There are 2 protein chains.
Amino acid sequence: MASVDRSVVEGLPLFAGLAPEQIDQLLQEAQSVRYPKGTNVFQQDEEAHSFFILLHGHLRVFKLTPDGQQVVVRFVAPGEVFGVAMAIGRKTYPATAHAVVDSIALVWPSAAWPRLVATHPGLAVNTLQTVGSRLQDAHTRVVEMSTEQVERRIAHTLLRLAQQAGRKVEAGVEIDFPITRQDVAEMTGATLHTVSRVLSAWESQGLVEGGRQRIVVREPHKLFILAEGSSR
Amino acid sequence: MASVDRSVVEGLPLFAGLAPEQIDQLLQEAQSVRYPKGTNVFQQDEEAHSFFILLHGHLRVFKLTPDGQQVVVRFVAPGEVFGVAMAIGRKTYPATAHAVVDSIALVWPSAAWPRLVATHPGLAVNTLQTVGSRLQDAHTRVVEMSTEQVERRIAHTLLRLAQQAGRKVEAGVEIDFPITRQDVAEMTGATLHTVSRVLSAWESQGLVEGGRQRIVVREPHKLFILAEGSSR
DNA sequence: AGGCTTGTTTGCGCCAGGGCAAATAGGATG
DNA sequence: CATCCTATTTGCCCTGGCGCAAACAAGCCT
């Protein structure tokens with residue numbers, strides 16, 4: 001198996017403050033693995049055997065409730081760490097990571113984590129930042145779900161998606177991976193039907209442009225105003 | 001200022017795996033501060049000057065939305081770390097911590113954090129566990145808010161409160177700090193009125209016992225069944 | 001004790017948004 | 001190009017829970 005070139009991961013938050021030799025050392029313990037579209041990188045409740053950095057592609061991370069409903073936790077973009085269950089003291093993954101397009105990730109065995117952080121204390125500090133920012137995202141979401149109604153939540157979610165995974169295109173900013181209305185519903189705590197209705201309305205106002213598994217934000221600013229609600 | 005005895009903090013998760021001398025060393029840099037009931041330990045958006053361990057009392061941590069609504073993030077119980085904004089890479093506190101009873105906390109200056117983790121790498125690892133478990137709590141809450149209706153959310157919240165801050169009493173398990181219906185509403189994303197109605201109904205069924213700023217869970221098991229919904 | 005503040009209960013009307021059902025439309029597949 | 005499968009749209013009805021309003025307690029302060 002060919003080793004991964006340092007330039008691919010240099011500059012990622014996880015490796016901030018580490019010396020090039022240290023990065024090389026860490027990379028030697030990792031494998032690069034392909035996950036074809038439609039496959040799962042790991043599954044909820046499965047033993048947390050590995051942790052990852054996404055090099056290419058996009059993942060949908062979701063939780064399954066006992067009665068079969070899905071809730072999308074987040075989408076993973078290239079450069080992000082994921083599957084750090086072990087580092088935060090879990091034996092199993094709390095959610096499932098699903099490749100929505102062909103994806104490639106660097107994979108470390110979870111068992112190596114204690115040794116890696118012992119050797120490179122910066123890793124723990126950097127991971128703490130990552131987990132901390134996710135905690136803030138989660139709290140933001142709790143606040144939104146507690147205080148905003150559906151239309152605004154969808155607006156906020158779309159703006160976030162556009163920012164995190166937006167690709168500039170003539171018509172506006174396109175979310176650059178296949179995403180369904182159902183996905184948006186599972187991110188906002190709404191139903192597929194309501195999301196469809198809202199997006200249809202926005203489309204007829206020229207705010208967004210829809211399509212099959214495709215969303216283009218045409219007027220981020222107007223959407224923002226809607227999300228923040230300067231009128232109340 | 002008198003120094004804090006090691007026995008007070010020995011065994012707390014934050015100090016897991018640290019040698020007694022190391023703990024003493026850390027304690028020397030901390031102050032013990034009293035926060036009378038009704039005062040704020042820190043406020044949202046204020047510069048994150050310190051981080052804390054609660055020694056005694058109870059805190060309500062909440063976020064304030066732009067339009068003035070409060071959302072309770074969590075209650076802090078003795079032994080827990082809080083205010084670690086700086087450690088997760090924030091300059092300001094993302095929420096306000098309010099003493100609901102007279103409280104005492106150990107206080108470290110945030111500025112000391114980088115040096116402390118450099119000297120005691122275990123700190124970062126332990127904090128990572130703490131933040132990680134909060135992330136899971138937050139995700140649990142998101143899932144509940146997305147998929148459950150109000151009555152069940154309240155049931156889950158009460159069970160969690162009983163477990164985290166319950167005091168055994170003749171009638172059942174009493175939440176051992178003053179908590180209002182409004183607080184429960186702000187934890188569940190419901191209104192004060194709905195919470196009051198639900199608790200009244202439960203009280204007439206003998207599931208809980210109410211009172212001013214007081215909740216006693218009489219039948220945890222029945223409440224659990226209600227929360228999980230064996231019937232659907 | 002009396003009044004005041006703060007928390008709780010309850011009734012009533014209303015509506016955002018979910019549930020259900022059915023039609024439609026893109027893509028993919030053979 | 002015909003078929004199938006999945007995603008999307010839309011209509012209609014219904015209800016959980018919110019908003020508003022008012023009446024009650026229970027402490028607390030003077």
Side-chain angles (χ1 to χ4, degrees), chain A residues 36-38 60 65 67-72 98 100-101 144-155 157-158 175 177-205 208-216 226 229 232, chain B residues 36-38 60 65 67-72 98 100-101 144-155 157-158 175 177-205 208-216 226 229 232:
Chain A
K37 168 178 180 170
R60 184 181 77 233
T65 66
D67 58 314
Q69 296 186 73
Q70 293 189 6
V71 176
V72 172
H98 178 91
V100 294
V101 293
E144 284 179 7
M145 296 202 57
S146 297
T147 62
E148 295 177 355
Q149 41 196 50
V150 172
E151 193 177 43
R152 281 202 190 168
R153 299 208 302 268
I154 298 177
T157 300
L158 250 53
I175 295 168
F177 55 83
I179 183 169
T180 66
R181 313 281 181 249
Q182 179 71 41
D183 289 331
V184 177
E186 288 171 7
M187 298 181 78
T188 51
T191 59
L192 161 63
H193 310 277
T194 301
V195 171
S196 178
R197 275 180 254 268
V198 169
L199 290 192
S200 292
W202 286 348
E203 183 154 14
S204 70
Q205 294 168 38
V208 301
E209 194 180 306
R212 193 189 173 81
Q213 305 198 28
R214 179 166 159 281
I215 300 174
V216 183
L226 220 164
R232 42 163 304 131
Chain B
K37 168 176 177 170
R60 184 181 75 232
T65 65
D67 58 314
Q69 296 186 73
Q70 292 188 6
V71 176
V72 172
H98 178 90
V100 294
V101 294
E144 284 179 7
M145 297 202 58
S146 297
T147 63
E148 295 177 355
Q149 39 194 51
V150 173
E151 193 178 43
R152 280 201 190 169
R153 299 208 301 267
I154 298 177
T157 300
L158 249 53
I175 295 169
F177 54 83
I179 182 169
T180 66
R181 315 279 175 231
Q182 179 73 41
D183 289 331
V184 176
E186 289 171 6
M187 297 181 79
T188 52
T191 59
L192 160 64
H193 311 277
T194 300
V195 171
S196 178
R197 274 182 253 267
V198 169
L199 290 192
S200 293
W202 288 348
E203 184 153 14
S204 71
Q205 294 168 39
V208 302
E209 194 180 304
R212 193 190 172 82
Q213 306 199 45
R214 179 167 158 280
I215 300 175
V216 183
L226 220 164
R232 40 164 307 131

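Chain naming here is simple, since letters A, B, ... match the order of the sequence lines and numbering starts at 1 in each. Please read these numbers as outputs of a predicted model, since none were measured by experiment.
At whole-Å resolution of the value, CG in B:L199 and P in C:dT10 are 11 Å apart. One can place CZ of B:R152 at 14 Å from C1' of D:dG16, the figure rounded to the nearest angstrom. Remark: P of C:dA25 and CZ of A:R181 are 15 Å apart, rounded to the nearest angstrom. Counting to the nearest Å, the C1' atom of D:dG17 and the CD1 atom of B:I154 are 10 Å from each other. As a whole-Å value, the separation of A:Q182 CD from D:dT8 P is 9 Å. The distance between atom CZ of A:R214 and atom C1' of C:dG26, rounded to the nearest whole Å, is 13 Å. The interatomic distance linking B:Q213 (CD) with D:dA25 (C1') rounds to 13 Å, in whole Å. Distance B:E203 CD to C:dT10 P: 9 Å, rounded to the nearest Å.
Side-chain atoms of A:K37 and A:F177, non-hydrogen and from C-beta on, never get closer than 4.5 Å to each other. With contacts defined as side-chain heavy-atom distances shorter than 4.5 Å, the pair B:V184/B:I215 qualifies. Looking at A:Q213 and A:T180, their side chains come closer than 4.5 Å, going by heavy atoms from C-beta outward. Looking at B:R60 and B:Q70, their side chains come closer than 4.5 Å, going by heavy atoms from C-beta outward.
For D:dT10, the OP1/OP2 oxygens have a side-chain nitrogen or oxygen of A:S200 closer than 4.0 Å.
The salt bridge (Lys or Arg N to Asp or Glu O under 4.0 Å) test applied to A:R214 returns A:E174, A:E209, not counting sequence neighbours. Applying the side-chain hydrogen bond (donor to acceptor under 3.5 Å, both in side chains) rule to A:H193 yields no partners; only residues at least two apart in sequence or on another chain are considered. For A:S200, the side chain to side chain contact (heavy atoms under 4.5 Å, CB included) partners at least two apart in sequence or on another chain are A:S196.
Within the nucleic acid shown, A:G211 comes within 4.0 Å of sugar-phosphate atoms alone, with no base atom in reach, counting heavy atoms only.
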Could you walk me through whether A:V100 and A:D183 pass the side-chain contact (heavy atoms from CB on, under 4.5 Å) test, one step at a time? CA-CA 11 Å; A:V100 294; A:D183 289 331; 5.8 Å; no
Close N/O contacts between protein and nucleotides 27-30 of chain D (under 3.5 Å):
none

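In this structure, CD in B:E186 is found 9.5 Å from CG in B:L192, a value given to the nearest 0.5 Å. Atom CZ in B:R152 sits 13.5 Å away from atom OG1 in B:T157 (nearest 0.5 Å).
Taking every heavy atom of both residues into account, A:A190 and A:R153 meet most closely at N-NH2, 4.5 Å.
Overall bending of the helix from C:dA1-D:dT30 to C:dG30-D:dC1, expressed as the angle between end axes built from five pairs apiece, is 40° (10° steps).
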For nucleotides 13-19 of chain C, 5' to 3', base contacts (B), sugar-phosphate-only contacts (S) and non-contacts (-) with protein non-hydrogen atoms under 4.0 Å give ----SSB
